[in-house]
S.K.: 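Quick one: the structure is below, and I'll ask about it shortly.
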2 protein chains.
Amino acid sequence: MSKIKETSTNFENKIFLNECDQIFAASLIAGQWTLVICCHLTTGKLRFGELKKRIPTITERMLTLQLRKMEEGDLVKRTVYAEVPPRVEYELTKSGQELSPILKQLGEWGKNHRKTRNAEKSCTTHKVLAQ
Amino acid sequence: MSKIKETSTNFENKIFLNECDQIFAASLIAGQWTLVICCHLTTGKLRFGELKKRIPTITERMLTLQLRKMEEGDLVKRTVYAEVPPRVEYELTKSGQELSPILKQLGEWGKNHRKTRNAEKSCTTHKVLAQ
DNA sequence: TATGGTACTATCATAGATGTAAGTAATGAG
DNA sequence: CTCATTACTTACATCTATGATAGTACCATA
């Protein structure tokens, strides 16, 4: 693989294309509740009401909106059973499952980064940080 | 490592703690321009004006705001030189650099996910999607 | 007929993110 | 003295995400 000049249009384009996919991916996990929902679904299918119970602070409206957005983004699959009272199950799609390890890494990074930050802050300013 | 009952509080807590770090990490890369800026800084230091040139569609205001947020989040380091006209350089911190490979993976996932989606859509609905 | 459970939907209100346009400090060049 | 340069800041407008609250369809059950 030959090295591309950093000033070439090609080089800029490569960066830009990469950005695009990253931004596309990031936008799919951007919602305030998306990762929480994702996390709860990693262990298997859950009904709407079960999700609501596990995420007590979410409103039904937001849960609906987020699940729809995630369905739209092909992260979750929604299965409706023609029963009364209604039963709807949500599960991660294949893509959703493939995202999990990356999110896990992101979480690891977050953990370390948070530690590093707090260490540096307390080292330089000797302040205790909330959270 | 013994298996934890899925119904135990401990199990729920483990999920929740993991969530926290992920959400913390996600919030740091959440800005509309954060990843774009990150991307351009992976190749080295850049001045404010250079970043602006490389991201023609960003306004000065947004560039400032995002950079400040990234500085606040310890993703970038800001160096001011006492010159006139002023010179300010931005570069990724160690944490910012460590985030790069994960973002790269995220981009890879995004690329594949986008492909899969389009393939499935065109397969079932035979529609051409405007991206 | 009245009630309950499930998974929503509709409406209104607010907070936060982003965009537009203009202005600023400092100083060297002319 | 005037102007250009750089990295901003300020004020205002708008757009999007989130929140609070109430209402709905369906039918089994009492």
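Convention: sequence-line order gives letters A, B, ...; per-chain numbering from 1. Hydrogens, waters and symmetry mates are skipped; everything else that's a heavy atom, side chains included, is used. Treat the numbers as computed from the prediction; the structure is a model and nothing was measured.
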S.K.: Could I get the full list of side-chain hydrogen bond (donor to acceptor under 3.5 Å, both in side chains) partners for R61(A), not counting sequence neighbours?
M.R.: none

S.K.: Return the 5'-most residue of the pair Q32(B), Y90(A) with respect to DNA chain C, ranking by each residue's nearest nucleotide.
M.R.: Y90(A)

S.K.: Nucleotide range of DNA chain C contacted by chain A, 5' to 3', under 4.0 Å to a heavy atom?
M.R.: dG5(C) to dT11(C)

S.K.: Please, which pairs that meet ring pair (Phe, Tyr, Trp, His ring centres under 6.0 Å) have at least one residue in residues 66-109 of chain B, sequence neighbours excluded?
M.R.: W109(B)-H113(B)

S.K.: Hey, does Q66(B) reach any base, or is it just sugar-phosphate, or nothing, if we go heavy atoms under 4.0 Å?
M.R.: sugar-phosphate

S.K.: Going 5' to 3' along DNA chain D, between which two nucleotides do contacts with chain A fall, using a heavy-atom cut-off of 4.0 Å?
M.R.: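 In short, chain A contacts DNA chain D from dT18(D) to dC27(D).
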
S.K.: Is it true that the side chains of T34(B) and Q66(B) contain a donor and an acceptor less than 3.5 Å apart?
M.R.: yes

S.K.: As an exercise, state the distance from CG of L35(A) to CD of Q22(B), rounded to the nearest 0.5 Å.
M.R.: 5.5 Å

S.K.: Partners of K94(A) by side-chain hydrogen bond (donor to acceptor under 3.5 Å, both in side chains), sequence neighbours excluded?
M.R.: E98(A)

S.K.: Counting any heavy atom closer than 4.0 Å, what does T64(A) reach on the DNA or RNA strands: base, sugar-phosphate only, or nothing?
M.R.: base

S.K.: Under 4.0 Å, heavy atoms only, any strand: does R47(B) hit a base, just the sugar-phosphate, or nothing?
M.R.: sugar-phosphate

S.K.: Can you list everything that forms a salt bridge (charged side-chain N to carboxylate O under 4.0 Å, His left out) with K69(A)? Sequence neighbours excluded, please.
M.R.: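 Partners of K69(A) by the salt bridge (charged side-chain N to carboxylate O under 4.0 Å, His left out) criterion come out as none, since no residue qualifies.
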
S.K.: Quick one: does T57(A)'s side chain get under 4.5 Å of W33(A)'s, heavy atoms only?
M.R.: yes

S.K.: Can you tell me how far the CG atom of L63(A) sits from the CD1 atom of I37(A), to the nearest 0.5 Å?
M.R.: 5.0 Å

S.K.: Does R78(A) have any salt bridge (charged side-chain N to carboxylate O under 4.0 Å, His left out) partners at least two apart in sequence or in another chain, and if so, which?
M.R.: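 Checked R78(A) against salt bridge (charged side-chain N to carboxylate O under 4.0 Å, His left out); zero matches.
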
S.K.: Name all residues meeting the side-chain hydrogen bond (donor to acceptor under 3.5 Å, both in side chains) criterion together with T93(B); count only those two or more places apart in sequence or in a different chain, and write none if there are none.
M.R.: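 For T93(B) there are no side-chain hydrogen bond (donor to acceptor under 3.5 Å, both in side chains) partners, ignoring immediate neighbours.
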
S.K.: Work out how much the helix from dT1(C)-dA30(D) to dG30(C)-dC1(D) bends between its end axes, five pairs an end, to the nearest 10 degrees.
M.R.: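 Answer rounded to 10°: the end axes differ by 30°.
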
S.K.: List the steps and the verdict of salt bridge (charged side-chain N to carboxylate O under 4.0 Å, His left out) for R47(B) and E50(B).
M.R.: CA-CA 5 Å; R47(B) 293 180 61 174; E50(B) 290 171 332; 5.6 Å; no

S.K.: Is there a residue in residues 75-86 of chain B whose heavy atoms reach under 4.0 Å of DNA chain C, and which residues are they?
M.R.: V84(B)

S.K.: What residues, two or more places apart in sequence or in another chain, satisfy salt bridge (charged side-chain N to carboxylate O under 4.0 Å, His left out) together with K52(B)?
M.R.: E60(B)

S.K.: Apply side-chain hydrogen bond (donor to acceptor under 3.5 Å, both in side chains) to E71(B) and list each qualifying residue two or more places apart in sequence or on a separate chain.
M.R.: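 Scan of E71(B) (side-chain hydrogen bond (donor to acceptor under 3.5 Å, both in side chains), adjacent residues dropped) gives none.
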
